[in-house]
> 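Please see the structure below; I have some questions.
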Amino acid sequence: MQRYDIIIIGTGAGGGTLAYALASTGKNILLIERGEYIPKEKANWNPKQVYIEALYRTEERWYDDKQNQFQPTQYHRVGGSTKVYGAALLRMREEDFREMQHYEGVSPAWCLDYQDFEPYYTEAEKIYKVHGVRGEDPTEPVTNCEYPFPPIPHTSRIQQVADKLSKQGLYPFSLPMGIDRDSKNPLNGSCIRCDTCDGYPCLLGAKADAQTCCVEPALKYPNVTLVTGAKCEKLITDASGKTVTEVETVIAGETVTFSADIVVVSCGAVNSAALLLNSANDKHPNGLANSSGLVGRNLMKHNTTKLYAISTTPNNSVFQKTLAVNDFYLGSPDDEYPLGHVHLMGEHKWEMMRPDFPKFIPNQLLKIMAQHSVDWWAQSEDLPELDNRVTVANGKIQVKYRPNNLEAHRRLKKKFKEYLQRAGFPLILEVSMPLKVVNHQLGTCRFGTDATTSVLDVNCRAHDVDNLYVVDASFFPSSTAINPTLTIAANALRVADHLQRM
């Protein structure tokens, strides 16, 4: 059995960033990834293969609470789901770390505040090449530094939309984006502002994903090893149950075990919880690190809706994902409680729209819609609920999830649609995201100071197991309404600092 100083299971925003931060320490680090690299091939940019045929998506199937099988929007690849993410990288608001009243409940306070994360946000923005401009976002948290790179300029059509929203009293701002782009000198960066970015792997390596920004730099160190095609099945402890002694994986059909002084789980909120539950033993009969009974519980995924804003004016934008609106994030003059966040999606080709609409709508109509649509993503905070949870039975993952705080999301959509209609979009089509869209899965192993009400301590170490850490979005006590990736990366850097001090 091969032994390491640190084993990291998963290579996405959590595990990949942690490996990057620890690579220079000289510690012997093993990265375990259940998938393989996404190959660089023309299919990377083929909307039919990527969106309709789900070319790179996991073959794994989960089950809902009625035992209906579904294929989640998961990518078990080197770099995790960041390989196809939209690269919108925002900091949580200062208010997000505090207890906050919502229309349908209370979002709990975190055990740390914004200032505890602020320096790590700054570092993560550099690592992930974030483009943006301070001072435009009315809810922007405090920081003393500028973005590492200037904002991505709007296309002429998006600038028109931004101007029309501004004239109505809103404060649309440049969406912070993680890409390798020098707008003044495009030859200096690899990004070509193509129309196959959001939701696609990047053939040019221009997207600031975990593989490109973290895993590949980490692997340049001789003390860092990556094993792919290795599905982690179980964590095995010593007789006391206080130490993980073996990581049991399956590689090419064979069981292979590894061991390390420190074991870090970073498989995504659903799979991380499933791994801990599947690792039950005599000392942990309800699942590893589950004395609180909270492993797998409090699953969150945001309330999310696509808004296709259609007008008679063609949208000739190629790269349109440059604009966001936070005017309703903390409420509004008409709304006592927070509503949520809105930003542009990548320009949707008709093939990308096809899964969103009934089959009886002809492709030709979708093509016309795509040519005239400006495509928005509206998201609101869902609240942690014990019964929204992940369980494992007979090796099958079951996800029980009922949306909540929908009143806030309803108000957000209604309010923003009114602004869009006044901006010249008479037709706005809503498409709510189903359970299988788990891009923002959060909260199944929340952190905190009390072992009876949390799974992890402040440093994301399991309360019950001395050498076990969980470093992905599982640790979130609340979902906020901001894309979680930058916070996942910042937290991984924070945990890396802790591990280096040990």
> Could you tell me whether the side chains of Asp137 and Asn326 share a donor-acceptor contact shorter than 3.5 Å?
yes

> Any salt bridge between Lys242 and Asp464, counting N to O under 4.0 Å?
no

> Are Tyr401 and Asp387 close enough, and set up right, to give a side chain to side chain donor-acceptor pair (under 3.5 Å), and what steps lead you there?
CA-CA 7 Å; Tyr401 179 84; Asp387 287 340; over 6 Å; no

> Could Glu125 and Arg91 be called an ion pair, given the rule that one side-chain N must be under 4.0 Å from one carboxylate O?
yes

> Please tell me whether Gln211 and Glu216 have a donor and an acceptor in their side chains that are separated by less than 3.5 angstrom.
yes

> Below 6.0 angstrom between ring centroids: does that apply to Phe476 and Phe447?
no

> Is any NZ, NE, NH1 or NH2 atom of the basic residue among Glu407 and Arg411 found under 4.0 Å from an Asp or Glu carboxylate oxygen of the other?
yes

> Ring centres under 6.0 Å, that's the criterion: do Tyr75 and Tyr56 meet it?
no

> Show your working on side chain to side chain contact (heavy atoms under 4.5 Å, CB included) between Asp5 and Ile29 and close with a plain yes or no.
CA-CA 6 Å; Asp5 295 317; Ile29 299 169; 5.9 Å; no

> Run the salt bridge (Lys or Arg N to Asp or Glu O under 4.0 Å) test on Arg34 and Glu60 for me, step by step, so that the C-alpha distance in whole Å, both residues' side-chain angles and the decisive distance to 0.1 Å come before the verdict.
CA-CA 12 Å; Arg34 70 183 288 182; Glu60 184 177 38; 3.7 Å; yes

> Measuring centre to centre across the rings, with the benzene-like ring taken for any Trp, is Tyr200 within less than 6.0 Å of Tyr51?
yes

> When you check the side-chain N and O atoms of Tyr120 and Glu118, is any donor under 3.5 Å from an acceptor?
no

> Are any side-chain N or O atoms of His343 and backbone N or O atoms of Val325, one a donor and one an acceptor, separated by less than 3.5 Å?
no

> Heavy atoms, side chains only, cut-off 4.5 Å: are Thr255 and Glu233 in contact?
no

> Checking the side chain of Ser479 only, and the main-chain atoms of Glu381 only, is there a donor and an acceptor separated by less than 3.5 Å?
no

> Is it the case that more than 12 heavy atoms not belonging to Tyr20 sit under 6.0 Å from its OH atom?
no

> Identify whether NZ of Lys or CZ of Arg in Lys129 sits under 6.0 Å from the centre of the six-membered ring of Phe149 and within 45° of that ring's axis.
no

> Do Asn303 side-chain atoms and Asn404 backbone N/O form a donor-acceptor pair below 3.5 Å?
yes

> Establish, from distance only, whether the side-chain atoms of Thr237 and Asn281 form a donor-acceptor pair under 3.5 Å.
yes

> For Leu456, is there any backbone N or O sitting under 3.5 Å from a side-chain donor or acceptor partner on His463?
yes

> Between Val270 and Pro72, is any pair of side-chain heavy atoms under 4.5 Å apart?
no

> Would you give the length of the straight line joining atom OG1 of Thr487 to atom CZ of Phe97, rounded to the nearest 0.5 angstrom?
6.0 Å

> Identify the heavy atoms of Val106 and Leu383 that sit nearest to each other, and give their distance.
N-CD1, 4.0 Å

> Ring of Tyr147, cation from Arg134 - is the NZ or CZ under 6.0 Å from the centre and inside 45° of the axis?
yes

> Have Asp466 and Thr243 got a donor and an acceptor in their side chains that come within less than 3.5 Å?
no

> Salt-bridged, Lys413 to Glu430, with N to O below 4.0 Å?
yes

> Does Glu254 CD have over 12 foreign heavy atoms under 6.0 Å away?
no

> Can we say Asp356 and Lys306 salt-bridge, meaning some charged N sits less than 4.0 Å from an Asp/Glu carboxylate O?
yes

> Would you please classify the geometry between the His341 ring and the Phe173 ring as parallel, tilted or perpendicular, with 30° and 60° separating the classes?
tilted

> Does a side chain donor of either Asn68 or Asp64 reach within less than 3.5 Å of an acceptor in the other side chain?
yes

> Nearest 0.5 Å, please: how far is CZ in Phe475 from CZ in Arg446?
12.5 Å

> In sequence, state the C-alpha distance, the side-chain angles, and the governing distance for Arg402 and Asp65, and then conclude on salt bridge (Lys or Arg N to Asp or Glu O under 4.0 Å).
CA-CA 10 Å; Arg402 298 296 173 92; Asp65 57 352; 2.8 Å; yes

> Do Asn483 and Gln379 have side chains that get closer than 4.5 Å, going by heavy atoms?
yes

> Assess whether atom CD of Gln69 is packed by more than 12 heavy atoms of other residues, nucleotides or ligands within 6.0 Å.
yes

> With a 4.0 Å cut-off, would you call Lys231 and Glu33 a salt bridge?
no

> For the residue pair Thr304 and Trp377, confirm or rule out a side-chain donor-acceptor distance under 3.5 Å.
no

> What closest approach, in Å, do Tyr128 and Ala489 show between heavy atoms, and which atom pair accounts for it?
CE1-CB, 3.8 Å

